[in-house]
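Worksheet: the structure to be examined is printed underneath.
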Amino acid sequence: MSTGENTAARRPILLVCLAIFGLVSGQQMVNPILAPLAREFGFSELALGIVWTVSAAGVVLASPFWGRRNGTWGHRLILLIALSGAMAGLLAFAVVANIGLTGALAVPLLFTLVLLTRGVVFGFAWAGIGVTAQSYVADVTAGTAERVRGMSMLGAASGLGSAVGPALGGLLSFAGLLAPIYVAPVILAVIAVLVWFGLPKPRTHLARPPSKKVSPFDHRVLPFLVTGFGMSLGFTVVQMTLGFLLQDRLHLAAQETGRATGLVMLAGAGAIVVVQAVAVPRLGWAPLRLIRTGATLMAAGTIVVTVAQNGIGVGAGVAMLGAGLGFGTPGFMSAPTLLTTREEQGAVAGVIGSTMAITYMLGPLLGTSLYQLTPIAPYLLGCGLLTGLVVFVFIHPGVRQAPAEVSAPVKAT
């Protein structure tokens, strides 16, 4: 394949990555202002936790739905529907928030509207974008090396959104508390237009293969769901308690804690981006090696965070966690797609999306409740969980199904 043909073939994947970037950066742009906004509304901390949990629950429930529709409706249509839904959910949330700040709505009604817009609508659409992006990459790539490269591009787009979103949201907040909420749907609208014009329409004269259901307990999938669940939960538990850890361990004031937490989280997100955008494509490792390297790095990083006594040490540990997740994610995402048929790709993407969303539900609740019990508890849990995962990925026969060698796509003669 010539350089021009290769670039043309990659352009649709880049558009799908742009959709992931827009979703994650939009979400992360809004999340930092939700706590102060909730207090302006008169919500309790628990009420805001319920909004986050409902949003993640929407991803869990909707991911299989979107996964099954990929084979019948087509990736392009679902991506456009999901982008429009996420845009509509955030825009409606912005309108509700604007009215809520005037005091015109009773708190129970305001909470219900926030739950519907930011929780239900946005969560349902969020699931569609993630699942469709993974299914699309699995559908248009062939061979282990190409599949891993495509999955790593999705991960890099997500990591970049995690880094850019909070920074952009912080800058926009100088223009007003609601500014990030209004800008986020605009970004999604621009990306939807680019997808509309840039993502190729499906060839209607070709029959679509019927989608097949895949059980999360399927032996080709379950070991990698366990791996992804362990990695994501370990990372989320640490991430959601970092602010408390830095403030208590380093004896920081509130404003200092915000800056320190932002820098440490940037170290983790930056490591994810560098690993998935640079290291994974250049190294060309097969899924099995990526999974084992990622789990080992994450376990080591959690230990460093647990024992570190200064900000540099905590930052280094979080960077190791991010690097490990950067290696592991394309491994556990690509492995089951290489073991299943084309008709099963949408369903595989759906069960992976649901599994990851469960960790977004459990991680914040588990991490904060354990930290309240004793500050060291979340990190001891992370050490035990990720150390156990290292053992699992090295000895479990199901994980060894993952390709251990890189294969190139077969070229037509």
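No experiment lies behind these values; they were computed from the predicted model shown. Quick note: numbers below take in every heavy atom, side chains included, and nothing from hydrogens, waters or symmetry partners. The chain is numbered in sequence order, starting from 1.
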N/O donor-acceptor pair under 3.5 Å between [X] side chain and [Y] backbone:
{"X": "Thr236", "Y": "Ser232", "answer": "yes"}
{"X": "Thr293", "Y": "Leu290", "answer": "no"}
{"X": "Gln401", "Y": "His219", "answer": "yes"}
{"X": "Ser25", "Y": "Phe21", "answer": "yes"}
{"X": "Arg220", "Y": "Thr340", "answer": "no"}
{"X": "Thr241", "Y": "Val238", "answer": "yes"}
{"X": "Thr387", "Y": "Gly384", "answer": "no"}

side-chain contact (heavy atoms from CB on, under 4.5 Å) assessment of Thr117 paired with Phe122: CA-CA 6 Å; Thr117 55; Phe122 184 74; over 6 Å; no

State, with a plain yes or no, whether a side-chain heavy atom of [X] is found less than 4.5 Å away from one of [Y].
{"X": "Leu222", "Y": "Val226", "result": "yes"}
{"X": "Pro216", "Y": "Thr355", "result": "no"}
{"X": "Val318", "Y": "Met265", "result": "no"}
{"X": "Phe41", "Y": "Leu101", "result": "yes"}
{"X": "Met153", "Y": "Leu14", "result": "yes"}
{"X": "Phe197", "Y": "Leu194", "result": "no"}
{"X": "Leu389", "Y": "Met298", "result": "no"}

Using the side-chain contact (heavy atoms from CB on, under 4.5 Å) rule, take Phe235 and Ile272 through it: C-alpha gap first, then chi angles, then the decisive distance, then the call. CA-CA 12 Å; Phe235 187 81; Ile272 293 174; 4.3 Å; yes

Could you tell me which non-hydrogen atom of [X] sits nearest to which non-hydrogen atom of [Y], and how far apart they are?
{"X": "Arg400", "Y": "Phe394", "value": "NH1-O, 3.9 Å"}
{"X": "Met151", "Y": "Thr337", "value": "CE-CG2, 4.1 Å"}
{"X": "Ala308", "Y": "Arg249", "value": "O-NH1, 2.6 Å"}
{"X": "Ala125", "Y": "Ala82", "value": "CB-O, 3.3 Å"}
{"X": "Ser334", "Y": "Val148", "value": "OG-CG2, 3.5 Å"}
{"X": "Ser152", "Y": "Pro281", "value": "OG-CG, 4.0 Å"}

Determine, stepwise, if the pair Leu110 / Phe43 fulfils side-chain contact (heavy atoms from CB on, under 4.5 Å). CA-CA 9 Å; Leu110 180 59; Phe43 293 174; 3.9 Å; yes

Interatomic spacing from [atom1] in [X] to [atom2] in [Y] - rounded to 0.5 Å:
{"X": "Arg292", "Y": "Trp285", "atom1": "CZ", "atom2": "CH2", "result": "13.0 Å"}
{"X": "Leu297", "Y": "Leu386", "atom1": "CG", "atom2": "CG", "result": "11.0 Å"}
{"X": "Met231", "Y": "Leu321", "atom1": "CE", "atom2": "CG", "result": "11.0 Å"}
{"X": "Arg118", "Y": "Gln27", "atom1": "CZ", "atom2": "CD", "result": "5.5 Å"}
{"X": "Leu242", "Y": "Leu263", "atom1": "CG", "atom2": "CG", "result": "12.0 Å"}
{"X": "Ser354", "Y": "Leu225", "atom1": "OG", "atom2": "CG", "result": "9.5 Å"}

When you look at CG of Leu380, are more than 12 heavy atoms from neighbouring residues, nucleotides or ligands closer to it than 6.0 Å?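 Buried by this count: over 12 neighbours within 6.0 Å.
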
Tyr379 and Tyr371 aromatic ring geometry - parallel, tilted or perpendicular at 30°/60° bounds: perpendicular

Step by step, work out the side-chain contact (heavy atoms from CB on, under 4.5 Å) result for Ile81 and Trp66. CA-CA 11 Å; Ile81 291 172; Trp66 289 121; 3.9 Å; yes

